[in-house]
Amino acid sequence: MIGRFAPSPTGPLHFGSLLAAIASYCEAKSQGGLWLVRMEDIDKPREMLGAADQILRTLESFGFEWDGEVVYQSQRSKIYEDALTQLQTKSLIYHCDCSRKEIAVSYNQRPAQFGVDGLVYPGTCRHKTVVKNPHSSRIIVNGEAIAFTDAIQGKLEQNLVRDLGDFVLKRSDGLYAYQLAVVVDDFEQGITHIVRGADLLDSTPRQIYLQQLLGYLTPQYAHIPVASNVGGEKLSKQTLAPAIDATQASSLLTEALNFLGQQPPKNLSEHAPCDILEWAKQHWNISKILGQRSIVF
Ligand code: GLU
């Protein structure tokens, strides 16, 4: 069993990322598995200078110990390129020079169709022989339902044609898209259990589709509810969630366990972070986590 925590260094760790860290850690460690850390620093323009190191130091001060070396996506372009080539040889990739505006306009008189990630891409460039530069690379999807059972959220099904359209694997700025990088990395690192925030639930069918095309096994998925504010916004760097403070590690870890339904004893927060994680590992019960996409925090 191999789990992982895969933060994007777009800012310091906040309570939402602590939830993903602790849940993925406990799920792996409670079953004697490995827990890897992968720095998802593929989107250089969104990266905050120094955040990657800061995240690792914060994890350490919260008592987390990862197995093996930290993997950095920014150093792995070659393997993403190989995967893209593999899909290209199956004639599943085409170039696209549509801007967001052009996608909206391409609906013409028809009512625009919204899916799980904004406008469904109507396939405008699929049959073009010439596209302008810069262009992205999209993968052709099919209309077969993709279903999976999430260990927390239950059964989910998507139809990529209806819910998304052909999606981008390489962006027009030359960067590989999260959807491709995450699938390749999870496979290359032998990840068997993915525990992460439910904001990524709707990305999972895309990832399963890519796994099927690339001949990878599909790992088990468990999506924890995200912490949101009363307005329903996810705690994130975008909503300016505060960085977690290492001097409050014990109480934040205990709060995170409460949020995840683990019912820690009242005095647990008086203990050192590593002892709290030890308790969490020993008492971990994933079925106590509410099967909701978000919980107000
Ligand atoms: N890097 C993503 C994030 O920080 C997580 C990706 C994943 O767990 O698949 O939201």
Side-chain angles (χ1 to χ4, degrees), residues 2-28 34-48 51-56 58-59 64 66 70-76 80 83 116-117 148 150-153 156 167 169 171 175-211 214 216-228 233-241 243-244 256 260 286 289 293-294:
I2 307 183
R4 48 68 156 186
F5 175 54
S8 304
T10 49
L13 281 191
H14 52 80
F15 187 71
S17 23
L18 178 65
L19 291 172
I22 197 168
S24 59
Y25 176 85
C26 289
E27 183 63 5
L34 298 178
W35 184 69
L36 312 185
V37 171
R38 176 170 76 230
M39 204 47 77
E40 300 213 320
D41 58 350
I42 194 147
D43 195 346
K44 284 288 166 196
R46 284 189 56 219
E47 188 167 338
M48 192 186 101
D53 280 344
Q54 197 183 340
I55 287 172
L56 297 177
T58 307
L59 286 174
F64 292 100
W66 53 88
V70 175
V71 159
Y72 291 83
Q73 285 191 327
S74 56
Q75 296 166 8
R76 293 161 71 82
Y80 309 139
V116 294
D117 199 14
F148 71 101
D150 186 90
I152 297 169
Q153 306 286 337
L156 198 99
F167 58 96
L169 295 188
R171 303 174 357 181
L175 293 173
Y176 290 94
Y178 157 71
Q179 305 293 351
L180 179 66
V182 79
V183 164
V184 172
D185 285 338
D186 284 335
F187 169 72
E188 290 280 332
Q189 295 187 282
I191 306 298
T192 58
H193 289 70
I194 295 180
V195 182
R196 59 187 180 188
D199 51 321
L200 293 165
L201 196 56
D202 286 329
S203 288
T204 308
R206 259 171 279 183
Q207 295 174 13
I208 294 175
Y209 178 62
L210 293 177
Q211 287 154 4
L214 291 163
Y216 304 164
L217 282 179
T218 291
Q220 275 195 29
Y221 287 98
H223 287 84
I224 58 171
V226 296
S228 63
E233 282 175 325
K234 176 196 162 196
L235 284 191
S236 68
K237 290 139 202 165
Q238 286 75 31
T239 56
L240 305 178
I244 46 174
L260 295 167
I286 200 170
I289 303 176
R293 288 199 184 213
S294 71

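Counting starts at 1 for both ligands and their atoms, in listed order.
Remark: the backbone N or O of Ile2 is paired with a side-chain donor or acceptor of Thr192 at under 3.5 angstrom. Side-chain atoms of Asp41 come within 3.5 Å of backbone N or O of Ser74 as a donor-acceptor pair.
The contact set between ligand 1 and Leu200, taken as ligand atoms under 4.0 Å from a residue heavy atom, comprises 5 (C), 6 (C), 7 (C), 8 (O), 9 (O). Which parts of ligand 1 touch Val182 is read off a 4.0 Å heavy-atom cut-off, strictly below it: atoms 9 (O).
Among protein heavy atoms, the minimum distance from atom 8 (O) of ligand 1 is reached at Arg4 NH1, 2.6 Å. Distance from atom 5 (C) of ligand 1 to its nearest protein heavy atom, with residue and atom name: Ala6 O, 3.3 Å. The single protein non-hydrogen atom nearest to atom 3 (C) of ligand 1 is Ser8 OG, 3.6 Å, given as residue, atom name and distance.
When heavy-atom distances to ligand 1 are checked against a 4.0 Å cut-off, Asp199 has no atom that comes that close, whether in backbone or side chain.
The closest approach between any non-hydrogen atom of Tyr178 and ligand 1 is below 4.0 Å.
Contact check for Tyr216 versus Leu210: no side-chain heavy atoms found under the 4.5 Å cut-off.
Ion pairing between Arg206 and Asp117 holds under the 4.0 Å rule for side-chain N and carboxylate O.
Partner of His223 under the side-chain hydrogen bond (donor to acceptor under 3.5 Å, both in side chains) criterion, out of Arg196, Gln153, Arg293: Arg196 alone.
Of all the listed residues (Arg196, Arg38, Glu40), Glu40 holds the heavy atom that lies closest to atom 6 (C) of ligand 1.
Contact detail for Ile244 and Leu18: the closest heavy-atom pair is CD1-CB, 4.0 Å.
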